[in-house]
Amino acid sequence: MKKEWPLWEVFIRSKSGLHHKHVGSLHAADAEMAIEHARDVYTRRNEGVSIWVVESKYITASDPADADPLFEPAKDKVYRHPTFYNLPDEVKHM
Amino acid sequence: MQTHDLEKNFQQKIDAEVKIEPKDWMPDAYRKNLIRQISQHAHSEVVGMLPEGNWITRAPSLRRKLILMAKVQDEAGHGLYLYSAAETLGAGRDDLVMDLLNGKAKYSSIFNYPTLTWADIGAIGWLVDGAAIMNQVMLTRTSYGPYARAMVRICKEESFHQRQGYEIMLTLAKGSPEQKAMAQDALDRWWWPSLMMFGPHDSESTHSEQSMKWKIKRKSNDELRQAFVDATVPQAELIGLKVPDPDLKWNEKRGHYDFGEINWNEFWNVVKGRGPCNKQRLDARRNAWENGAWVREAAMAYAEKKAARRMKQAGEEAA
């Protein structure tokens, strides 16, 4: 079996001032080719001003099965949100 | 958790419209069903380039040629979005391609019909892409996240495909009597195969019921086909073309068009590989795969050589 080109994840910044956002993946022999393929596959209609690629095997993801305990600490802390606080109506903007 | 609890949990998520993502638990059958459907969809995009590519060198103007090239490039892109969606389910790219090349995986039968005249390019954009859009708009809400996201991108791009096809038909229909006849001939040949794209009747469709329960599909083959007929017939009338179906009639009571029965013998023949171009299409894909092998290998060897050189340099600098 011949070696398959590795898989890369592609992130695109759609315009200056915005985050790079994951758009999908593709196969390429190296990073340079991954950028060129990403341009052809994911930005045919001016969707981007900048591209990041990273080989998929280097991404560590949280386990969805552990999502509950992982995110549980934030769940009971409503006081982190501004709407938790009752202020007099006279205070218009705060 | 026991498998049956996991399955219950999974169905609850589906029922609550929570998308399933790659690392989430899913039943094996859901995974297999999706890999089959997404990869067939990807193969269809890729094989779909062949009948259209046939006309790039003979497009009647530079404008039409540029548009057609852009459309064919889009189809390649769509194939790639879909292959990568299938890969999130654990399928290997090369394995998917091999399944196509050895005939194990299917692709949309519509691409086994030949493109005889320039009007066929118009008919394909208008009817074939139009039919595909019906299906794809539904799939933007499919339960598997990566598939749904790929569909959103595809639908955005697909709309130009249909409009450019209809524009070709419109231009021909307004042209000389010969041009109009060419447009009508293309409609005559592509109408029925386009209706076949929605697949067998609901009562005959093997994967439909489970797919609906898992919300992979949200509308049945027959519902989508009806929606396509309802949308397309007035478009044909508008440009003075006649849909080749003597049974086609507006049904006031149903609020839909009634239409004739599809030739299912033809449908199954083409699905089973006996269409006019099945062999030609697969041969073209096999040639592309085999003749491209040295490029894939050379690119990989070059990348490895460059990486090794960089490692060596880094080592020397550190020393």
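Remember, predicted model here, so these are calculated numbers, not experimental data. Letters A, B, ... are given to chains in the order of the sequence lines, protein chains preceding strands, and every chain is numbered from 1.
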- request: Inspect the surroundings of OH in A:Tyr79 and state if more than 12 heavy atoms from other residues, nucleotides or ligands are less than 6.0 Å away.
  value: yes

- prompt: So with a 6.0 Å cut-off around CZ of B:Arg286, is the heavy-atom count from everything else above 12?
  reply: yes

message: Using side-chain contact (heavy atoms from CB on, under 4.5 Å), reason through A:Arg45 and B:Phe160 one step at a time and then give a plain yes or no.
response: CA-CA 12 Å; A:Arg45 287 171 176 75; B:Phe160 124 64; 3.2 Å; yes

message: Taking B:Glu304 first and then A:Lys3, would you say they form a salt bridge - that is, a charged N and a carboxylate O separated by under 4.0 Å?
response: yes

- prompt: Which pair of non-hydrogen atoms, one from B:Ser84 and one from A:Ser25, has the smallest distance, and what is that distance?
  reply: CB-OG, 3.1 Å

message: Would you say that more than 12 heavy atoms from the other residues, nucleotides or ligands in this model lie under 6.0 Å from the CH2 of A:Trp52, or not?
response: no

query: Between B:Lys306 and A:Glu32, is there a side-chain N and carboxylate O pair less than 4.0 Å apart?
result: yes

NZ (A:Lys15) with more than 12 external heavy atoms under 6.0 Å: no

- prompt: Does the distance from a Lys or Arg side-chain N to an Asp or Glu carboxylate O, for A:Arg44 and B:Asp74, drop under 4.0 Å?
  reply: yes

- request: With side-chain contact (heavy atoms from CB on, under 4.5 Å) as the test, would you mind laying out the steps for B:Arg153 and A:Glu47 before giving the verdict?
  value: CA-CA 11 Å; B:Arg153 290 189 72 89; A:Glu47 288 95 335; 3.8 Å; yes

query: Should the heavy atoms of other residues, nucleotides or ligands under 6.0 Å from NZ of A:Lys75 be counted, would the total exceed 12?
result: yes

field: Distance in Å, B:Asp94 CG paired with A:Trp5 CH2, rounded so as to fall on 0.5 Å steps
entry: 10.5 Å

task: May I ask you to say whether A:Glu4 pairs ionically with B:Arg93, meaning some side-chain N is under 4.0 Å from a carboxylate O?
output: no

- prompt: Above 12 or not: heavy atoms from other molecules or residues under 6.0 Å from CG of B:Asp28?
  reply: no

query: Using non-hydrogen atoms only, which part of B:Glu87 is less than 4.5 Å away from chain A: side chain, backbone, both, or neither?
result: side chain

- request: Ignoring hydrogens and angles, tell me if any N or O in the side chain of B:Tyr81 forms a donor-acceptor pair with the backbone of A:Val41 under 3.5 Å.
  value: yes

field: Flag if over 12 foreign heavy atoms under 6.0 Å of CZ, B:Arg141
entry: no

query: To the nearest 0.5 Å, how far apart are OH in B:Tyr83 and CG in A:Leu26?
result: 14.5 Å

message: For a quick test of reading the model, state the closest non-hydrogen atom pair linking A:Ser62 to B:Lys23 and the distance between them.
response: O-CD, 4.4 Å

